[in-house]
Each structure stands twice: as C-alpha cells, then as structure tokens.
Amino acid sequence: MTKLNGMTPDIAAENIDQIKNLFPDVFYEGKIDFDKLKQVLGEYIENENERYNFTWNGKGKALRLAQTPSTGTLRPCKEESKNWNTTQNLYIEGDNLEVLKLLQKTYHNKIKMIYIDPPYNTGKDFIYPDDYKDNLENYLKLTGQNNEDGDRISTNSETSGRYHTNWLNMMYPRLRLARNLLADDGIIFISISEKELVNIIRISNEIFGEEHLIGTITWKARVKPVNIGDAKYRPQKETEFILVYEKTDFQDKFLPLITGGLRSYPYEIDGKKYRLTTILKSNRGTNFRSTMTFELEGYSPPDGQRWQAGEDVINQLNDDGYIEFKDGTPFRRYFEDEEGAEHDPFYCFMEVDWSSTSESGKNELNNILGNNHEFDTVKPTRLLRTLLSSCTQKNDIILDFFSGSSTTAHAVMQLNADDGGNRKFIMVQLPEPCGEDTEAAKAGYKNICEIGKERIRRAGEKIVKSEELKVKSEQGEQVVQGTLNSSFSTLNSNELRSLDVGFKVFKLDSSNLKKWNPDYDNLEASLEGMVSNYV
C-alpha cells in the first residue's frame with residue numbers, strides 16, 4: 001500500500017534506489033562509488049583515490065573477466081544423458097565461469113535457489129586457473145581438448161604469494177554472474193570454512209548488498225576427532241558455515257523453517273503431522289554413558305555417540321511410535337498436535353540437521369558408488385533437503401555450479417519424491433581428472449564429472465525403487481483397511497511415473513560448427529565432411 005506524505009516524489013532518491021537494485025556493488029556506506037559504476041559499465045579506471053572498500057591485486061581484471069562475452073557453446077551429449085526426451089534436468093561439464101555466461105540469456109532472473117560448495121582454499125583443494133586470457137581457451141587446453149601447451153590444473157599453495165588473491169579472483173566473477181541468474185525472490189547458499197569466511201562475506205556483501213545478508217548458518221560438519229598428529233592440544237574443527245543471501249527484499253521467500261513463526265511439520269502418519277529431530281548425543285568426555293549405548297531393533301549408536309536417554313525410556317518411545325529410522329539413522333518424532341507452535345527458528349533448523357555430518361554424507365555416497373570416488377568430504381543430502389525445503393516451491397529451478405559429487409541433484413530428486421514436486425536442477429562441474437592411482441581411476445572414472453553423473457543415475461534408480469515399494473505398501477494398506485494409513489511418500493502411482501530422475505548432459509566447447517581444416521592430400525574427403533557443417 002502506497003503511503004502519502006504530502007510531498008512530490010523524490011525522483012533522485014528513486015533513481016538511486018533503481019541503481020542500487022541493479023548494481024548493489026557500487027554502493028559503499030550508502031553512497032555511490034562513481035568510479036566503480038564506470039567500471040561496471042565498461043569504463044575502467046586505472047588510478048583510484050583511496051577510500052573504504054575491499055580490494056586486492058587483480059580485482060579490476062576479475063570484474064572485466066565476468067563482463068567478457070563467451071565464445072563457447074554447450075554441445076549436447078545424448079549418449080551420456082538419461083531420459084533425454086523427457087527430463088528437464090541439466091548436467092553441464094565445463095569451466096563454470098564460461099557456463100554461467102552461457103546461461104545468462106536462457107536463465108536470467110529464473111533461478112530460485114543457488115547452492116554452491118566452492119573450494120575452501122585449504123592449500124590442497126582445486127583452484128580454477130584464471131589468468132585473464134581467453135578463459136575458454138584455457139579450459140580447452142586444461143581438459144585436453146586442444147594441445148597440451150599451457151599450465152596444468154594445480155592446487156593453490158600458500159607459498160605462491162597470492163594465496164587469498166588467487167581464490168578471490170576465482171570467486172568474484174562467478175558470484176557476479178550468479179546474481180544475474182537469481183530470480184527476484186531467489187536465495188543463494190554458500191558453504192565455506194573459516195579459512196575464507198571473512199573474504200567471502202566481504203565480496204558477497206559487495207555483490208549482493210550487505211543488507212541482503214540473511215544470516216550465517218553454522219552446522220556440525222564432523223563428530224569424529226581429526227588426526228592432527230603431534231598437535232594434541234589444538235582445538236578440533238567441527239563446524240562449517242553456510243552464508244545465506246537474498247537477491248532483493250522480496251517478501252515471503254522463506255518457509256517458517258528459517259524465518260520463525262510456526263514450526264515446520266513436513267511429515268505425516270495416520271493423519272498427524274510431525275517433525276524429526278536427532279535422538280543421539282555425543283558420548284565423549286563428560287557426556288560418556290556406557291548404559292546409553294544399547295541396541296534397538298538391530299541398531300547401535302556409532303562410536304562417539306549414544307542415545308539421549310536410558311534404555312527403558314527409549315524402548316517406551318519406540319513402543320509408542322515416537323522413534324523413526326531414516327537412512328538407517330534413528331530420529332525422534334514430535335507431533336504438531338502435542339507441542340506448542342512457537343519456536344526458535346534457527347534452533348529448529350540446526351536440531352534437524354545436527355547429525356548430518358560430512359562423514360554421513362561420505363557414507364551415503366559410499367552406499368551408492370562404493371568407495372570408488374575421490375571425495376573425502378561430502379555434504380549430506382539431508383542438509384541440502386533442509387535448505388531446499390526452506391525456500392523452494394515444487395516447480396522451482398535449483399543451480400549448483402560447483403556440483404562435485406552431485407549431492408544437490410540427489411537432494412532435489414529425493415525432495416521431489418517426498419513432496420510430489422517437480423523441481424529442476426542444473427549441475428555444473430569442471431571435469432577435473434581423477435588421479436591415476438586413485439580408487440576412482442581404478443574403477444574406470446576418468447574425471448569428477450563421470451562420478452557425479454553416475455551418482456545421479458544410481459541415486460535416481462534407488463529413489464524410484466524405494467517409491468515403488470512405498471506405493472505398493474500404501475495400496476496394500478488401502479486394500480486391507482479400506483483407507484490410506486501410511487507414513488510413506490505423498491506420491492501416488494501416477495506421480496511416480498512422472499518423477500524426473502533423468503538429466504541432459506551438455507559439454508562446454510568452442511563451437512557447434514566444424515572448422516574448415518582441409519586435408520590437402522585428400523581434399524575430396526574434406527569436402528564431403530563439410531556437407532553438414534555441424535559437429
């Protein structure tokens with residue numbers, strides 16, 4: 001509703017607001033940095049007066065890199081795809097900087113949620129080797145599609161002298177392009193460790209606007225102690241962080257899961273809605289209780305964990321229907337009609353996923369692929385499903401341009417199965433080669449993309465089989481009881497048939513047109529090969 005204050009419109013203020021909406025990164029402490037605005041519009045300033053801002057060596061060139069048009073194209077690869085003719089999901093192999101540029105026209109302002117788990121810059125993880133040359137040419141060389149000249153893929157060592165600079169130059173142009181793809185009510189989640197937390201907040205504040213930082217989620221990434229050698233007294237690193245930014249001040253973008261108000265009760269049994277929380281606790285130090293490590297229905301808490309209560313209490317909860325096993329892990333049911341609706345939203349958020357560690361994510365991947373992969377740390381799908389549930393509707397598009405083992409794609413398919421949704425995913429991953437002596441290479445995987453695609457295939461098949469069993473069970477209950485009485489999926493048999501667990505594969509290349517490169521000793525064959533000039 002428009003409020004009248006008796007004054008004519010402040011046209012200058014309205015213009016400034018429009019500029020701020022288009023270019024939030026040109027504002028510093030509420031004022032326009034006109035030199036930065038000129039840079040964003042393509043006029044580059046060589047010498048700037050000192051002012052409060054966040055800068056580093058190469059920032060201007062990184063900005064220019066984001067604005068340089070791509071000469072690449074995405075070539076379809078049907079033979080590596082699944083359900084090509086019906087699926088709406090995409091898996092794109094290529095340098096994500098170039099791919100983000102190519103997605104601008106088709107997906108500008110259309111992505112509801114972006115989740116990324118970029119390299120944490122530990123000195124061991126992979127860094128994209130931007131050097132401000134033709135980025136597509138770099139990519140083609142590094143992936144062996146051109147000749148073998150040029151730098152090879154490597155890690156970002158602290159001894160390089162440009163440790164944080166290299167990482168910032170890699171992230172900055174990608175986040176700028178990512179913002180353009182977000183819908184007005186879109187949300188981006190950025191996983192990060194403490195190593196670059198401060199820097200990612202600084203550049204994200206610049207790109208998305210400091211006022212659009214919704215918050216920082218802290219989640220417990222590990223519960224097992226880390227082998228730290230002789231550093232016996234160094235604090236254990238158990239937590240990681242997820243930054244949450246909105247694109248605009250769009251209203252009602254979150255469900256109560258994060259924004260507060262009513263609790264979220266996503267599950268239902270016998271017509272009663274309920275939520276799940278962990279029923280396990282740490283069993284280390286002063287929390288150690290040998291009497292709380294008993295077995296329940298063949299399940300015993302893993303090393304370092306115990307039940308939250310004694311055996312009599314846990315057995316009684318189980319007998320009364322308050323304990324549920326998901327993916328082999330026990331959880332406590334809380335029913336909507338048995339507890340108050342008001343809650344601390346972030347406590348509820350953390351309570352749901354506190355036990356979803358990187359270790360459980362890795363075990364989840366092992367269950368699908370065996371140990372034939374290169375991932376030491378993997379985000380659990382339960383964590384991703386929680387993020388997806390907090391801000392996406394059933395027909396939204398989700399993007400992950402550091403897709404790794406494709407946890408995000410797995411979580412999207414599982415959530416669609418859980419609530420009957422038709423969310424679409426776009427995964428983007430550089431085909432980083434697998435080391436020759438790794439288990440992944442021994443299993444036949446040439447690069448990270450092959451691992452990610454295989455996970456989607458197998459996870460999709462597993463989800464479909466699981467849902468088929470649930471539907472059959474539901475139908476059986478209807479026959480016996482004459483009514484539906486189930487704690488299973490909300491999918492019916494018709495929805496199950498339309499569950500999208502496929503994906504179209506595209507690969508970044510220089511062009512879909514053949515180049516004229518004749519064999520002068522066999523010119524006739526060269527001419528015949530150009531009858532159709534499409535690759």
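Sequence positions, counted from 1, serve as the residue numbers for this chain.
Between the side chain of S81 and the main chain of K504, no donor-acceptor pair closer than 3.5 Å is present. The closest donor-acceptor contact from the side chain of N422 to the backbone of N395 lies at 3.5 Å or more, if one exists at all. Of the possible donor and acceptor atoms, one in the side chain of E450 sits under 3.5 Å from a partner among the backbone N and O of K446. Not one N or O on the side chain of D396 forms a donor-acceptor pair closer than 3.5 Å with the backbone of R423. Under a 3.5 Å cut-off, the side chain of N315 and the backbone N or O of D312 do not form any donor-acceptor pair. K281 places no side-chain N or O within donor-acceptor distance of the main-chain N or O of Q308, the cut-off being under 3.5 Å. Using modelled atom types, one side-chain atom of W167 and one backbone atom of P119 make a donor-acceptor pair closer than 3.5 Å. The backbone N or O of G404 sits less than 3.5 Å from a side-chain atom of Q429, completing a donor-acceptor pair. At distances below 3.5 Å, at least one donor-acceptor pair connects side-chain atoms of T87 with backbone N or O atoms of G502. Side-chain atoms of S466 do not come within 3.5 Å of backbone N or O of I463 as any donor-acceptor pair.
To the nearest 0.5 Å, atoms CZ (F294) and CD1 (I314) are separated by 5.0 Å. A distance of 5.0 Å separates CZ in R332 from CG in L317, rounded to the nearest 0.5 Å. S204 OG to H212 NE2: the interatomic distance, rounded to the nearest 0.5 Å, is 13.5 Å. The OG atom of S406 sits 6.5 Å away from the CE atom of M427 when rounded to the nearest 0.5 Å. To the nearest 0.5 Å, atoms CD1 (I188) and CG (L175) are separated by 5.5 Å. To the nearest 0.5 angstrom, I116 atom CD1 is 9.5 Å from L243 atom CG.
A salt bridge is absent between E461 and R458; no separation between the charged side-chain nitrogens and carboxylate oxygens falls under 4.0 Å. Ionic pairing of R174 and D95 is present here: one or more N-O contacts between side-chain nitrogen and carboxylate oxygen are shorter than 4.0 angstrom. Salt bridge R333/E324: present, at least one basic N to carboxylate O contact under 4.0 Å. Between D185 and K112, at least one side-chain nitrogen of the basic residue sits less than 4.0 Å from a carboxylate oxygen of the acidic one, meeting the salt-bridge criterion. With salt bridges taken as basic N to acidic carboxylate O contacts below 4.0 Å, none links R202 and E210. Classification of E336 and K272 as a salt-bridged pair fails, no side-chain N sitting under 4.0 Å from a carboxylate O. For K394 and D419, the salt-bridge test fails: no basic side-chain N is under 4.0 Å from an acidic carboxylate O.
In this structure, the side chains of V428 and L100 stay at 4.5 Å or more apart for every pair of heavy atoms. Residues L388 and I398 meet the side-chain proximity criterion, which asks for heavy atoms closer than 4.5 Å. Counting heavy atoms from C-beta on, the side chains of E80 and R457 come closer than 4.5 Å. Proximity of F208 to K247: side-chain heavy atoms (C-beta onward) are nowhere separated by under 4.5 Å. A 4.5 Å side-chain heavy-atom check between W307 and L280 finds at least one atom pair inside the cut-off.
Under 3.5 Å, the side chains of N199 and E196 contain a donor-acceptor pair of N or O atoms. A donor-acceptor contact under 3.5 angstrom links the side chains of Y245 and N205, judged on distance only. Using modelled atom types and a 3.5 Å distance limit, the side chains of D184 and T248 yield no donor-acceptor pair. Side-chain contact check for T293 and R306: no donor-acceptor pair (N or O, by modelled atom type) lies under 3.5 Å. Looking only at atom types and distance, the side chain of E297 has a donor-acceptor partner in the side chain of N318 under 3.5 Å away.
Relative ring orientation between W84 and F506 is described as tilted, the plane-to-plane angle lying within the 30° to 60° band. The aromatic rings of F335 and Y322 stand perpendicular to each other, their planes meeting at an angle above 60°, with 30° marking the opposite boundary.
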Margin query: As a quick check of understanding, evaluate side-chain contact (heavy atoms from CB on, under 4.5 Å) for V501 and N416, giving each step before the final call.
Written below: CA-CA 10 Å; V501 293; N416 283 341; over 6 Å; no
Checklist line | side-chain contact (heavy atoms from CB on, under 4.5 Å) between F425 and I456, worked out | finding: CA-CA 11 Å; F425 64 74; I456 300 175; 4.1 Å; yes
Notebook entry, point to check: What's the verdict on side-chain contact (heavy atoms from CB on, under 4.5 Å) for F241 and I217, showing C-alpha distance, side-chain angles and the deciding distance?
Noted result: CA-CA 6 Å; F241 310 94; I217 299 169; over 6 Å; no
Margin query: Before you tell me yes or no, could you show the steps for K326 and Y267 under side-chain contact (heavy atoms from CB on, under 4.5 Å), namely the whole-Å CA-CA distance, both residues' side-chain angles and the distance that decides it to 0.1 Å?
Written below: CA-CA 12 Å; K326 274 188 171 296; Y267 309 101; 3.5 Å; yes
Margin query: Walk me through whether F331 and F325 qualify under ring-ring contact (aromatic ring centres under 6.0 Å, His included).
Written below: CA-CA 6 Å; F331 291 89; F325 284 84; 8.9 Å; no
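Among I242, L383, L384, L387, the one residue that satisfies the side-chain contact (heavy atoms from CB on, under 4.5 Å) test with S191 is I242.
In terms of heavy-atom proximity, I426 sits nearest to I111 at CD1-CD1, 4.1 Å. Between R455 and T381, the shortest heavy-atom distance links the atoms NH2-CG2, 3.6 Å. Contact between P301 and Q305 at its shortest, heavy atoms only, is CB-O, 3.4 Å. Here the shortest heavy-atom pairing between S389 and L415 reads OG-CD1, 3.6 Å. Pairing each heavy atom of G94 with each of L508, the nearest pair is CA-CB, 3.9 Å. In plain terms, the two heavy atoms of I114 and A178 that are nearest each other are CD1-O, 3.6 Å.
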